[in-house]
Amino acid sequence: DQQVKQNSPSLSVQEGRISILNCDYTNSMFDYFLWYKKYPAEGPTFLISISSIKDKNEDGRFTVFLNKSAKHLSLHIVPSQPGDSAVYFCAASHNNAGNMLTFGGGTRLMVKP
Amino acid sequence: EADIYQTPRYLVIGTGKKITLECSQTMGHDKMYWYQQDPGMELHLIHYSYGVNSTEKGDLSSESTVSRIRTEHFPLTLESARPSHTSQYLCASSESTFGYTFGSGTRLTVV
């Protein structure tokens, strides 16, 4: 039973355009959400997070939107750059589970020059 | 600058060998984790620890074992490596709600 799902295994975007990566979750207890970026042969690095008390968090070119009623969050990257090409993992946690992260399956983003 | 270190970065070993993958962190985090990831696949939790002398198995069954004798050190051991153990192994640590810090990973190939 996958509690965090990223239904698009890959996404291709032109440089300069917006990239939108989606993530759905089923556990209503989740109260904190994160996005990680991973290059091949490296560990994931933290990108941006959002608490369930907010519906938007912005950091430079990256914005995360949270729709609690739909149990859906999305990561927007604008403008997209070739260096953004990587695998992006969505993750969720809740305080009652010791804040252990549950990861989605990842989406491979390819930004074409 | 990395505060969590994994060694080796790459390892190729023969079937049946015993290996230990090292993971150390300098942040004083109580919680540490081992994940396994195959290319293009999701992260699978194989072991975790919430403190010294505390270890638990994760969601994915693994033939590996871990130990946590010191806060900063969380090594993973395979007693007898097999080709099915070929994968990338990622170590992470955390505190409270601020997510995980991952190491650079060990890419293991068993031939």
Side-chain angles (χ1 to χ4, degrees), chain A residues 1-11 23-25 27 29-54 57 59 64 85-110, chain B residues 1-12 21 23-25 27 29-51 54 56-60 86-109:
Chain A
D1 178 29
Q2 204 171 359
Q3 296 186 62
V4 179
K5 291 184 180 180
Q6 295 176 252
N7 291 318
S8 298
S10 65
L11 174 68
C23 178
D24 297 293
Y25 62 96
N27 190 340
M29 296 290 289
F30 287 141
D31 56 14
Y32 196 69
F33 304 88
L34 308 92
W35 284 93
Y36 283 83
K37 176 180 179 179
K38 185 182 185 298
Y39 293 118
E42 293 185 13
T45 55
F46 170 74
L47 194 57
I48 193 169
S49 63
I50 188 168
S51 165
S52 60
I53 62 173
K54 294 186 175 181
N57 188 27
D59 183 3
V64 55
S85 298
V87 177
Y88 290 78
F89 289 96
C90 168
S93 71
H94 62 86
N95 194 44
N96 290 345
N99 297 310
M100 183 175 289
L101 292 182
T102 300
F103 286 90
T107 296
R108 179 177 300 280
L109 173 65
M110 293 163 284
Chain B
E1 187 173 331
D3 296 310
I4 181 164
Y5 305 91
Q6 288 187 246
T7 57
R9 285 294 306 275
Y10 302 92
L11 180 62
V12 180
L21 308 184
C23 177
S24 295
Q25 51 100 1
M27 297 170 283
H29 289 169
D30 284 328
K31 299 176 183 177
M32 296 189 74
Y33 313 85
W34 276 103
Y35 284 84
Q36 184 175 341
Q37 192 211 10
D38 294 319
M41 303 297 286
E42 61 196 274
L43 298 164
H44 291 288
L45 179 68
I46 51 176
H47 296 282
Y48 63 97
S49 166
Y50 280 176
S54 154
E56 300 287 345
K57 288 187 179 294
D59 304 323
L60 182 68
T86 295
S87 188
Q88 184 180 36
Y89 292 84
L90 296 162
C91 179
S93 70
S94 76
E95 60 174 357
S96 67
T97 61
F98 299 112
Y100 297 177
T101 302
F102 281 89
S104 297
T106 295
R107 168 73 62 188
L108 173 65
T109 302

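Heavy-atom basis, side chains included; hydrogens, waters and symmetry copies ignored.
- A distance-only check finds no donor-acceptor pair linking the side chain of Tyr36(A) to the backbone of Phe102(B) [under 3.5 Å].
- For CE of Met27(B), the number of neighbouring non-hydrogen atoms (other residues, nucleotides, ligands) closer than 6.0 Å is greater than 12.
- Shortest non-hydrogen contact noted between Leu90(B) and Lys38(A) is CD1-CE, 4.0 Å.
- Between chain B and the options Gly43(A), Ser51(A), Pro44(A), Gly106(A), the largest number of non-hydrogen pairs under 4.5 Å is found for Pro44(A).
- Minimum heavy-atom separation, Leu101(A) to Tyr35(B): O-OH, 3.7 Å.
- The CD atom of Glu42(A) sits 6.5 Å away from atom CZ of Arg9(B), with the distance rounded to the nearest 0.5 Å.
- Counting heavy atoms from C-beta outward, Phe89(A) and Gln37(B) have side chains that approach closer than 4.5 Å.
- With values rounded to the nearest 0.5 angstrom, Met100(A) atom CE is found 8.0 Å from Lys31(B) atom NZ.
- Put simply, of Ala41(A), Ala91(A), Pro40(A), the one with the most heavy-atom pairs under 4.5 Å next to chain B is Ala41(A).
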